[in-house]
**Q** 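Just passing along the structure, written as structure tokens.
Small disclaimer: the values here were computed from a predicted structure and weren't measured. Just so you know, ligand 1 is whichever comes first in the structure, and atom 1 is the first atom listed for that ligand. Atom set for the values below is all heavy atoms of this structure, side chains included, hydrogens, waters and symmetry mates excluded.
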Amino acid sequence: MKKISLIFFLIFTQNLIFSQNKAVFNVHADKPSGEVSPNMWGIFFEDINLGADGGLYAELVKNRSFEFFKPLTGWKITGGKSMYGVNYGGEITIINRPEKQATNPRFMRVVMENNAKGTLGLTNEGFRGMGIKKGLRYDFSILYQHKNAKVKLHLELINPKGEIIGYEIFTPKETGENWQKGEVSFVANATEQKAKLNVWFEGNGTLDLDMISLFPSDTWKGRKGGLRADMVQILADMKPGFVRFPGGCIVEGHDLSVRYQWKKTIGVVEDRKLIINRWNYEIAHRPTPDYFQTFGLGFYEYFLMAEEIGAAPLPILNCGMACQFNSAELAPMSDLDPYIRDALDLVEFANGSATSKWGKIRAEMGHPAPFNMKMLGVGNENWGPQYVERLKIFQEKIKAKYPEIKLVGSSGITSDGEMFDFLNGNLRKMKVEFIDEHYYNRPEWFLANANRYDNYDRKSNSKVFAGEYAGQSDRVVSPDNQNNWQTALAEAAFMTGLERNADVVNMASYAPLFGHIDGWQWKPNLIWVDNLQVMPTPNYQVQKLYANYKGDLIIPILDKNKNPFIGKDSLYASSTFDKKTNELIIKIVNTSRQIQTAEINIEGMAKMGEKARLISLQNDDLKAENTMDKPFFIAPNEKEISINGKSFSVDLKGYSFSVIRIKRN
Ligand code: AHR
């Protein structure tokens, strides 16, 4: 008994000795120091980690048109002739006709010899399986041609045990020598993470097949052949200010022949020429030999998605330079025209009238109204004098035709040092509107750099676009990187510096965006997915809080000595005012283990209510993560607090990020 009392005494006295730190936050609501851009917190999208094919693009069939380097990647044939010519009934071959059909040259020929169901067939394994939901309709489609074949296709969705969880028959009509699209839908009777699709051929005759496709019907906005609704929704929930697309290194390509070319990503899907995805082979420890870009999610779908989630489009185009980590190929200055043409035509595709050449294509695809694109990036992580001389030509030609388009230029792969200084200096001289800075660094870097923009050049015409950043729990490109609470907290602290300096930092986006748990190359990622579920990371929750509670005026928030909170006593803070919601928004990050009391004094804001909202993200364990089983383990907790006057106290838990919203009545 005595022993227990002694322990209590010790704990109690220890609490008295180490009493809570109290910090005074003076908020000058009547002295805004600048404006926050409406685009401030956005999204970086790249087809990495099965972000598009196998991810956001909801197609379930992998290699639907047999155009992967190995035409039968993803497919297994059952029956048919063996390699020794022994006939098990029927035959399946791949035909190539590049002269006739350059964009989609291969198709499959199936010769049936009175085949019964189960003797000749195909199985598609999907992208790490197919995510199938009980009770949901699945839309099968196919391009085919045949003359007088008497044939039926038995479609089966099977689970890993081989049990049928969805079934339908498709009977192709006679087409002669014309390709035709056939469609049939059916409902699945079980939920399965890793289903496969069987196509059994029954009958007699020759049937040509291409674009064998299966989509769930619950796509974003129910669009046929559309995007995974849960993946778009989680982006929409963030209320992002912009969507950067299509990357990332994918813009540059390993060499110029496989650079991203937007014109090849629009129009009917079967004519979008597939290329190898650079992330197929880029990361030695995570080779992904079945990774190709089908461009089913192309530039039209991108513009549409950005519009539908309320974000400004921010396309990034190739500047005539391939990835400088890879081939470093350059388009000669004399041959830059097609690259510049692509940029000019993209503006017309996005904004031109429905009667202009490219605007007409947009209208025919279903969007006669312009997409209202205002920004365009030229080059991703490009560097050196070769980049600057190319960017100058782009700038001259784009501005001559579209002076209203604001340009984004690259500051290379590092956010300091010789490469950065050279590019940052030159781009500022050129008055490039946005300079794209990338930082993939350890959490300590993010904490130490919360003041990075406090003394940035405020006279320059160029603004910062923090276009790619993420705290690396290990090191860049390490497979051991985790989306843990430490990285998220450090990013939250750093972002107070971006928000405080929103007059010089106009946009920011975490990168990369999506990672498939069975198909990733790069870690960490903002959102993890499997075939059925999305999992927001703590880093996503931080981004979402910033974007949801953005505000449009920067409000100074200072300590007793009139200094910003940039890490003293492990505290970081920023504040904004939202004119639409009429709210003062205060963000405070406490990176210490200890609970700290914030004494908040609000000056210059009359008619405050007596209540405020406190939204916090917190965990005692810096290594804590969200998982597929517990996707909201670290998620915002919201409660009402009493503020009773212009000065009030709030307890900031250890390792916490708090957002306080105070309404002006
Ligand atoms: O986000 C992953 C990659 O990191 C991007 O493609 C590239 O721009 C950066 O190096």
**Q** Identify, for atom 10 (O) of ligand 1, the protein heavy atom at the shortest distance, and state residue, atom and that distance.
**A**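 Going atom by atom, the protein heavy atom closest to atom 10 (O) of ligand 1 ends up being Glu381 OE1, 2.8 Å.
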
**Q** Determine whether a donor-acceptor pair (N or O, by modelled atom type, separation under 3.5 Å) exists between the side chain of Thr288 and the backbone of Arg286.
**A** yes

**Q** When you measure from the side chain of Asn49 to the backbone of Gly51, do you find a donor-acceptor pair of N or O atoms at a distance under 3.5 Å?
**A** no

**Q** Below 4.0 Å, non-hydrogen atoms only: which portion of Trp279 touches ligand 1? Side chain, backbone, both or neither.
**A**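 Side chain only.
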
**Q** Has Pro512 got any heavy atom lying under 4.0 angstrom from an atom of ligand 1?
**A** yes

**Q** Tell me the nearest of Tyr510, Phe44, Tyr440, Trp522 to atom 1 (O) of ligand 1, using heavy-atom distances.
**A**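 Result: the heavy atom closest to atom 1 (O) of ligand 1 is in Tyr440.
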
**Q** Using a strict cut-off of 4.0 Å, indicate which atoms of ligand 1 neighbour a heavy atom of Gly248.
**A**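 Listed by number with element, the hits are 5 (C), 6 (O), 8 (O).
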
**Q** Who's the nearest protein heavy-atom neighbour of atom 9 (C) of ligand 1, and how far?
**A**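 The protein heavy atom lying closest is Glu468 OE1, 3.1 Å.
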
**Q** Any side chain to side chain donor-acceptor pair (under 3.5 Å) pairs touching residues 380-391, not counting sequence neighbours?
**A** Arg244-Asn380, Glu252-Asn380, Gln324-Asn382, Glu381-His438

**Q** Answer with side chain, backbone, both or neither: which part of Ile413 has a heavy atom less than 4.0 angstrom from an atom of ligand 1?
**A** neither

**Q** Counting non-hydrogen protein atoms only, what is the nearest one to atom 6 (O) of ligand 1? Give residue, atom name and distance.
**A**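 For atom 6 (O) of ligand 1, the nearest protein heavy atom is Glu46 OE1, 2.6 Å.
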
**Q** Find all atoms of ligand 1 within a distance of less than 4.0 Å from any non-hydrogen atom belonging to Asn380, and give their numbers and elements.
**A** 7 (C), 8 (O)

**Q** Has Arg278 got a side-chain atom pairing as donor or acceptor with Cys323's backbone, closer than 3.5 angstrom?
**A**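 Here the side-chain-to-backbone pair does not exist.
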
**Q** Purely on distance, is any nitrogen or oxygen of Cys249 under 3.5 Å from one on ligand 1?
**A**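 In this structure, Cys249 places an N or O atom under 3.5 Å from an N or O of ligand 1.
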
**Q** On the 0 to 90° scale, with breaks at 30° and 60°, tag the Tyr440-Trp522 ring pair as parallel, tilted or perpendicular.
**A** perpendicular

**Q** Please confirm whether the backbone N or O of Ile435 pairs with a side-chain atom of Ser462, one donor and one acceptor, at under 3.5 Å?
**A**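 Not a single qualifying donor-acceptor pair exists.
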
**Q** Sort out for me which residue in Asp454, Asn449, Thr496 forms a side chain to side chain contact (heavy atoms under 4.5 Å, CB included) with Ile566.
**A**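 Of the listed options, the one satisfying the test is Asp454.
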
